[in-house]
Each structure stands twice: as structure tokens, then as C-alpha cells.
Amino acid sequence: MCGITGYVGGKEALPILIEGLKNLEYRGYDSSGVCVVPAAGGTLEIRKEQGKIRCLEELMLKDPMPKAHIGIAHTRWATHGAPCRKNSHPHSNLDQTIAVVHNGIIENYQTLKAALIRKGYKFLSETDTEVIVHLISEYFEGDIVQAVQRAIQDLEGAFAIGVVSSDDPATLVAARVGSPLIVGIGKGENFIASDVPAIIRHTRKVIYLKDKEIAVLRRDGVEVMTFAGKKVKYKIDHVTFQMEAAQKQGYPHFMLKEIHEQPDVLAKMLKLRLKAGRVTLEGLGLSDAALKNISRIKVVACGTAYHAGLVGRYIIEELAGVPVDVDVSSEFRYRTLLVDKKTLVVAVSQSGETADTLAAIREARAKGAKVVSICNVIGSSLARESDGVLYTHAGPEIGVASTKAYTAQLFMFYIFALKLAEVHGGLAPKACLQLIKDLVEIPALYRKILKGLGKITSMAKDFSHFGCFLYLGRNINYPSALEGALKLKEISYIPAEGYAAGEMKHGPIALIDEYRAVVCIAPQSDVYEKMISNIQEILSRKGKVIAIATEGDQVISSHATHVITIPRTHKLLTPLLAALPLQFLAYAIAVNRGCDVDQPRNLAKSVTVE
């Protein structure tokens with residue numbers, strides 16, 4: 001989950017590398033480091049520091065780096081070894097002639113480390129990464145590309161690496177297996193990065209490296225080859241999003257900006273996916289006949305994407321009548337997989353690089369299942385390995401706690417369910433047209449909700465001192481309760497649990513007293529009266545209730561002193577509307593507690609290791 005960037009060209013390397021790190025800090029921020037090959041010659045210059053990138057910048061003010069035109073840099077999310085300077089990347093060999101930055105996990109590092117120690121190599125860190133640089137050093141015979149090519153044959157696991165050597169001061173080498181890495185193509189300069197925001201200000205031309213590919217970058221060009229050394233004819237893609245999309249644009253936090261971007265994201269999706277009142281699913285990769293042949297759907301996802309999948313289950317079963325199972329990706333592959341050619345696996349991931357989800361679809365495809373992914377990142381591993389991909393086009397999401405990516409995933413499930421209903425005949429044409437009409441209204445309803453967030457800000461001040469939260473929902477809003485609880489604990493560090501409201505009496509009610517807050521998601525629906533009963537049970541035990549209810553509800557205020565309203569809409573669409581106040585409530589509480597909203601402790605945006 002770390003961030004890698006690298007540069008080779010005619011400009012001063014260090015400012016470009018630091019800028020790239022800042023744009024990748026959402027991928028990890030417990031330490032960072034930079035390595036350059038001095039233009040004047042000599043051994044590599046390395047600076048690294050625990051903490052955020054500003055700590056690294058402060059170090060370099062005290063200990064400046066020499067002028068250089070090539071270098072690599074890294075921002076870390078710790079796996080092997082605690083966050084500290086010695087475990088920070090880049091790692092070098094002992095004579096400081098070769099350095100490596102790495103994202104991923106080397107699963108056989110202990111075996112490799114023991115063998116290298118027997119050969120006399122000394123290790124200075126607790127990381128798995130250090131074996132890579134010593135292996136390259138072991139195989140180096142004057143050609144850094146060949147040394148990297150030979151060393152990576154010994155590695156097991158997932159990795160993306162960048163390598164420089166003072167013995168070849170004009171060459172930057174990169175390689176990947178299972179972890180994302182892109183190459184940026186410039187004029188007289190070239191780049192590597194874990195993600196596009198690191199280099200978007202310098203180039204829009206990128207190569208998405210595939211698994212088991214090596215890229216050799218020099219100032220005047222790029223060469224791509226397989227791990228076996230066979231040259232690859234690569235494709236250059238053009239990045240379309242604007243640099244401003246990865247900047248705060250006056251908002252105090254990326255998360256707040258991304259909450260406010262949601263109406264525009266969904267409006268864009270409507271424009272792309274609805275034509276003349278009918279659903280169009282370009283990129284699905286399956287014909288209507290193939291869709292009709294599907295007898296079962298398996299959704300695989302992690303975290304927030306998993307909650308989107310749970311909502312998707314309710315929608316698909318209700319509209320299309322196709323049975324749906326939803327699995328956490330990390331568990332899916334370790335069960336006995338009952339999938340076949342009539343099973344469709346829907347994989348959901350914002351980044352398209354989630355390691356557990358990638359592993360899950362590989363297992364499913366091996367058993368004959370078709371795979372369609374719902375993904376935000378064009379050219380990602382998930383997109384490349386799926387039979388079809390439904391891009392959400394939500395733009396870059398920098399805040400670690402997902403907001404607009406979640407609602408875009410939800411929206412895509414509604415559109416996909418409508419397509420399935422059309423093919424399977426599960427929904428009358430009139431009902432289908434009404435639901436599409438209601439979907440079209442959602443962006444406007446989002447803007448209405450956003451205008452009323454001030455009430456939640458004051459409410460957050462009253463609730464930010466509570467030590468525990470429960471989130472309750474029923475039916476299609478049970479997943480909303482799970483997602484609301486996840487948002488709160490991610491960014492405020494308050495313990496929070498989401499439950500199906502009917503399960504409260506089966507244990508969680510023991511937690512309720514005057515020191516516990518309970519968020520009840522209670523829009524008008526077939527289960528509204530049951531939610532009211534749950535609220536009464538909470539109040540009788542002195543619990544403090546925040547209710548999310550439908551605008552115009554005259555009853556709810558007599559049961560809950562704190563009410564957040566959402567506009568009236570189709571009952572199936574209420575999770576879309578409930579998402580906004582849940583996100584903003586978590587945000588406002590976290591801000592009130594002085595938490596780092598965009599970069600919460602121990603978390604990183606993209607989980608690229610199992």
C-alpha cells in the first residue's frame with residue numbers, strides 16, 4: 001500500500017520526486033524517503049525519515065541533497081518492521097551503489113535473507129524489501145537491468161519496485177507483479193509512479209505496466225520487456241482527468257471536497273449510462289443472451305466496496321429476481337467455491353488493485369465463472385483481468401475514507417440491476433421507467449442534502465464525546481448502517497458497530513446506556529414501524545439517538561431529539577441518500593475531535609497486499 005515515484009530526465013529530480021510523494025501520500029504516510037544519483041558522480045545520496053513527508057522535507061533543509069537528474073522516492077505504509085527511519089525506503093546495498101523502493105510483500109524473504117546472510121550480507125532493517133537490493137547487488141556484473149531481471153526471478157509474492165544505481169547513472173529500472181505501477185512518458189524525461197496523481201502535472205501519457213513486466217527508463221526513451229527479457233510492444237494511454245481533481249480547491253480536507261463532488265459524479269454516470277430512458281452498459285463484455293443464462297451472482301469486495309455489494313444484493317434480487325451472494329474477498333477464495341459457467345462474479349474495487357479481490361476473481365475464473373468488475377481506475381489490474389468492466393468514472397479519490405467512490409459503486413449497482421431486470425423480465429416496463437426517473441432525480445436531491453449540512457455540524461459537537469456508537473438499519477439500509485459505522489471508526493477512532501436493527505436484542509442492546517449514541521437509519525419504507533420500535537427500545541435505556549428520516553416525517557421527532565432528514569424518494573434508492581449525512585456526520589465528529597481526516601492512522605487508500 002506504499003507509494004512509489006521515480007524520475008529520469010534533464011530537470012532537477014528532487015522537487016519532482018517530493019511533489020510526487022505528496023500526491024501519493026494517501027497510499028501510506030508513516031515514513032518517507034528519497035534517493036538521487038548525484039550529477040557530479042559518487043555514491044547514491046539517500047534521505048529518509050519517520051512521519052509524514054513534511055518531516056522528510058525538514059530533514060533535507062538541515063541536510064541538503066546534491067543536484068541530480070535521476071532518482072526514486074517512497075512513502076510507506078508499514079508491513080514488515082515498525083515505522084522508523086531504518087525501516088523507511090529507499091533501501092540500499094552496503095556500499096550505497098544500488099537502491100530500491102518497493103510496494104508489496106516478498107513472501108519468501110526470510111529464506112532469501114538467511115541465504116544472503118550466509119554469503120556475508122548484512123541487514124540494517126527489519127523489512128522484507130532489503131533482500132531485494134542485496135539480491136540485485138549479488139547478481140550485479142556491470143548491467144543493472146540484467147541484475148534486476150535476475151533478482152526478481154527469486155522473489156515470491158506481490159511487488160512493484162523502482163531501482164537506480166550509481167554505476168549506471170542514466171537508467172531507472174522498474175518491475176511489477178500484483179502491485180500497481182505506471183510509467184509516465186514525457187519529452188526528454190520519463191517517470192514511474194504507483195498512481196497517476198504523482199505525475200499528472202508533468203505528463204498525461206502513461207503506460208500501465210502489466211504483471212511480470214520490466215520497464216527500463218532513460219531520458220530519451222522507455223523500453224518494456226517481460227521478466228524473461230522479451231521486448232513488449234506497449235500501449236500508451238492518455239489520462240483525461242484534470243490536475244485540479246487531485247487538489248483540495250479551497251476545501252479544508254479532501255474528504256469534504258469529495259463529499260461535495262458526489263452530485264456531479266452521479267450526474268456524469270447518468271449521462272454515460274442512460275440513453276433515451278434506457279440503460280446502456282458499455283464495457284460489460286456480456287451479451288443479453290449471456291446475461292440471461294446467468295443463474296447466480298457472487299459479489300466479491302472489501303471494506304466500503306463490500307457494503308456497496310450488500311446493497312447491490314437487495315437491488316438485484318428485488319428487480320431482477322436473480323439470487324445474489326456477497327462475500328468478503330479475503331474469505332471467498334478460502335471457501336469451497338460453488339461457481340460454474342452460469343455464475344457471474346461481480347468484483348467491486350475503487351482502485352482495481354485490491355489484492356484480495358484480485359485473488360478472488362482468479363479463483364473464480366479458474367472454475368469457469370464470468371467476471372465483471374465495478375471499478376474506478378482505468379487500466380487497473382482488476383479491469384484487465386475481468387471479462388467486462390463497468391467504470392464508475394468518479395475521478396481521483398484522495399481521502400482515505402471512501403465517499404464518492406462508494407456512492408458511484410452503489411449507483412452502478414442500480415444501473416446494472418435495471419439491465420438484469422430488462423433481460424430476465426423481473427420488472428414491469430412501467431415500474432422500470434419510474435425507477436429510472438427517480439434515479440435521474442438523485443443528483444438534485446444530493447445538492448439539496450448538501451445545503452443542509454450545517455445542522456449536522458452542530459449535532460456533531462454534541463455527540464463527539466461519546467465513547468461508542470451503534471448504527472442500526474433494516475432491509476436495504478442494513479448495509480448503510482455498516483458503512484456509517486465504518487466511516488466513523490476510520491476517521492474519528494471512536495468504536496462503532498453496524499447492525500441489522502432486528503439483531504439489536506440479540507446482544508448489542510447490552511451496550512446501551514446514557515453514554516452510548518445510536519444512529520438509526522429510518523426512512524419511510526415497509527420496515528419503518530419496526531425501526532420506530534427499535535428507537536423506543538433505545539430511548540427506554542437512556543441511549544442517545546440520531547435518526548436519519550424522510551423529509552416531512554411528522555412522527556420521528558416525537559421519538560428522537562436529533563433528526564437528520566433526507567428527501568423523499570423510491571424506497572430502494574434510500575441508501576444513496578442516507579450515505580451523504582452518514583459521511584458528513586463522521587467527518588464533522590472527526591474534525592471536532594481534532595483527527596487527521598484525510599490520513600487516519602494505520603490506514604492507506606489502496607490495499608495491495610493480502
Under 6.0 Å from the six-membered ring centre of Y493 and within 45° of its axis: does the NZ or CZ of R601 meet both?
-> yes

How many angstroms lie between atom CD1 of I132 and atom OG1 of T127, to the nearest 0.5 angstrom?
-> 8.0 Å

Out of curiosity, Y139 OH to R150 CZ, how far, rounded to the nearest 0.5 Å?
-> 3.5 Å

Compare all side-chain heavy atoms of D237 with those of I378 and state whether any distance is below 4.5 angstrom.
-> no

Check the pair T304, S402 against side-chain hydrogen bond (donor to acceptor under 3.5 Å, both in side chains), reporting the backbone distance first and the verdict last.
-> CA-CA 7 Å; T304 285; S402 182; 5.1 Å; no

Does atom CD of Q153 have more than 12 heavy-atom neighbours, drawn from other residues, nucleotides or ligands, at distances under 6.0 Å?
-> yes

Would you check if the side chain of H74 reaches a backbone N or O of S88 as a donor-acceptor pair within less than 3.5 Å?
-> no

Which residues share a side-chain hydrogen bond (donor to acceptor under 3.5 Å, both in side chains) with E45, sequence neighbours left out | R47

Looking only at heavy atoms, which two atoms of S166 and Q96 are closest? And how far apart?
-> OG-O, 4.4 Å

L124 CG to R85 CZ distance, which is reported to the nearest 0.5 Å = 13.5 Å

How long is the span from the OG atom in S165 to the CD1 atom in I136, to the nearest 0.5 Å?
-> 9.5 Å

Of V34, I46, L17, the one forming a side chain to side chain contact (heavy atoms under 4.5 Å, CB included) with M65 is V34

Kindly indicate whether the side chain of L582, heavy atoms from C-beta on, has any atom under 4.5 Å from the side chain of E483.
-> no

For residues I182 and I192, determine if any side-chain heavy atom of one lies less than 4.5 Å from a side-chain heavy atom of the other.
-> no

State whether the side chain of S194 and the backbone N or O of I4 hold a donor-acceptor pair below 3.5 Å, judged by distance alone.
-> yes

Looking at OG of S492 and CZ of F466, how far apart are the two atoms once the value is rounded to the nearest 0.5 Å?
-> 13.5 Å

Of all pairs that satisfy salt bridge (Lys or Arg N to Asp or Glu O under 4.0 Å), the ones with a partner from residues 583-593, not counting sequence neighbours = none

By salt bridge (Lys or Arg N to Asp or Glu O under 4.0 Å), which residues pair with K210, not counting sequence neighbours?
-> none

More than 12 heavy atoms of other groups within 6.0 Å of K205 NZ | no

So, T354 versus S349: side-chain donor-acceptor pair below 3.5 Å or not?
-> yes

side-chain hydrogen bond (donor to acceptor under 3.5 Å, both in side chains) with T5: which residues, sequence neighbours excluded?
-> none

Do you know which of Q583, Q262, E258 makes side-chain hydrogen bond (donor to acceptor under 3.5 Å, both in side chains) with T407?
-> Q262

Identify the heavy atoms of D128 and G104 that sit nearest to each other, and give their distance.
-> OD2-O, 4.0 Å

Do E49 and E58 come within less than 4.5 Å of each other through their side chains, counting heavy atoms only?
-> no

Expected output: side-chain R76 to main-chain D30 donor-acceptor under 3.5 Å = no

Sequence neighbours left out, what passes salt bridge (Lys or Arg N to Asp or Glu O under 4.0 Å) with D95? Give chain and number order.
-> none

Can you find a side-chain donor-acceptor pair between T203 and K187 that sits under 3.5 Å?
-> no

Begin with the C-alpha distance, continue with both residues' side-chain angles, and end with the deciding distance and a verdict on side-chain contact (heavy atoms from CB on, under 4.5 Å) for L453 and H260.
-> CA-CA 11 Å; L453 294 182; H260 279 81; 4.2 Å; yes

Residues forming a salt bridge (Lys or Arg N to Asp or Glu O under 4.0 Å) with D264, sequence neighbours excluded | R447

Give a yes or no answer on whether the side chain of R218 reaches the backbone of G221 with a donor-acceptor pair at less than 3.5 Å.
-> no

Residue pairs passing the ring-ring contact (aromatic ring centres under 6.0 Å, His included) test where at least one lies in residues 579-599, sequence neighbours excluded = H253-Y587, F584-Y587

Closest non-hydrogen atom pair, A68 against E12 = N-OE2, 3.4 Å

Which is it for V164 and I144 under the side-chain contact (heavy atoms from CB on, under 4.5 Å) test, yes or no, and what are the steps along the way?
-> CA-CA 8 Å; V164 291; I144 190 62; over 6 Å; no

Report the residues that fulfil side-chain hydrogen bond (donor to acceptor under 3.5 Å, both in side chains) with T392, sequence neighbours left out, ordered by chain and then residue number.
-> N376

Any donor-acceptor pair under 3.5 Å from K48 side chain to P90 backbone = yes

Note, I18 side chain near L56 side chain (heavy atom, < 4.5 Å) = yes

Let me know which of F140, Y109, Y121 forms a ring-ring contact (aromatic ring centres under 6.0 Å, His included) with H134.
-> Y121

Sequence neighbours excluded, every pair satisfying ring-ring contact (aromatic ring centres under 6.0 Å, His included) that has a member inside residues 150-192 = Y7-F191, F191-H202

Non-neighbouring partners of K119 that pass salt bridge (Lys or Arg N to Asp or Glu O under 4.0 Å), sequence neighbours left out | E138

side-chain hydrogen bond (donor to acceptor under 3.5 Å, both in side chains) between E353 and S381, intermediate numbers included | CA-CA 6 Å; E353 302 293 345; S381 297; 2.7 Å; yes

Report the relative orientation of the aromatic rings in F469 and F463; use parallel for angles under 30°, tilted for 30 to 60°, perpendicular for over 60°.
-> tilted

Any donor-acceptor pair under 3.5 Å from E213 side chain to M225 backbone = no

Any donor-acceptor pair under 3.5 Å from E130 side chain to S125 backbone = yes

Measure the shortest side-chain to side-chain distance between I214 and I152 over non-hydrogen atoms and say whether it is less than 4.5 angstrom.
-> yes

Does T403 offer a backbone N or O that forms a donor-acceptor pair with the side chain of E397 under 3.5 Å?
-> yes

Flag side-chain contact, heavy atom, 4.5 Å: Q599 against K52 | yes

Using side chain to side chain contact (heavy atoms under 4.5 Å, CB included) as the criterion, list what pairs up with H69, not counting sequence neighbours.
-> A39, K67

Indicate the atoms forming the closest heavy-atom contact of C375 with Q350, along with that distance.
-> SG-O, 4.1 Å

Do side-chain atoms of N108 reach the backbone of L112 as a donor and acceptor pair under 3.5 angstrom?
-> no

Considering all heavy atoms of both residues, which atom of I161 and which atom of L181 are nearest to each other, and what is their separation?
-> O-CD2, 3.7 Å

Of all the heavy-atom pairs spanning L172 and V163, show the shortest one and how long it is.
-> CD1-O, 3.5 Å

Flag the pair K22 / E57 as yes when at least one side-chain heavy-atom distance between them is below 4.5 Å, and no otherwise.
-> yes

Counterpart residues, side-chain hydrogen bond (donor to acceptor under 3.5 Å, both in side chains), relative to N190 (two or more places apart) | none

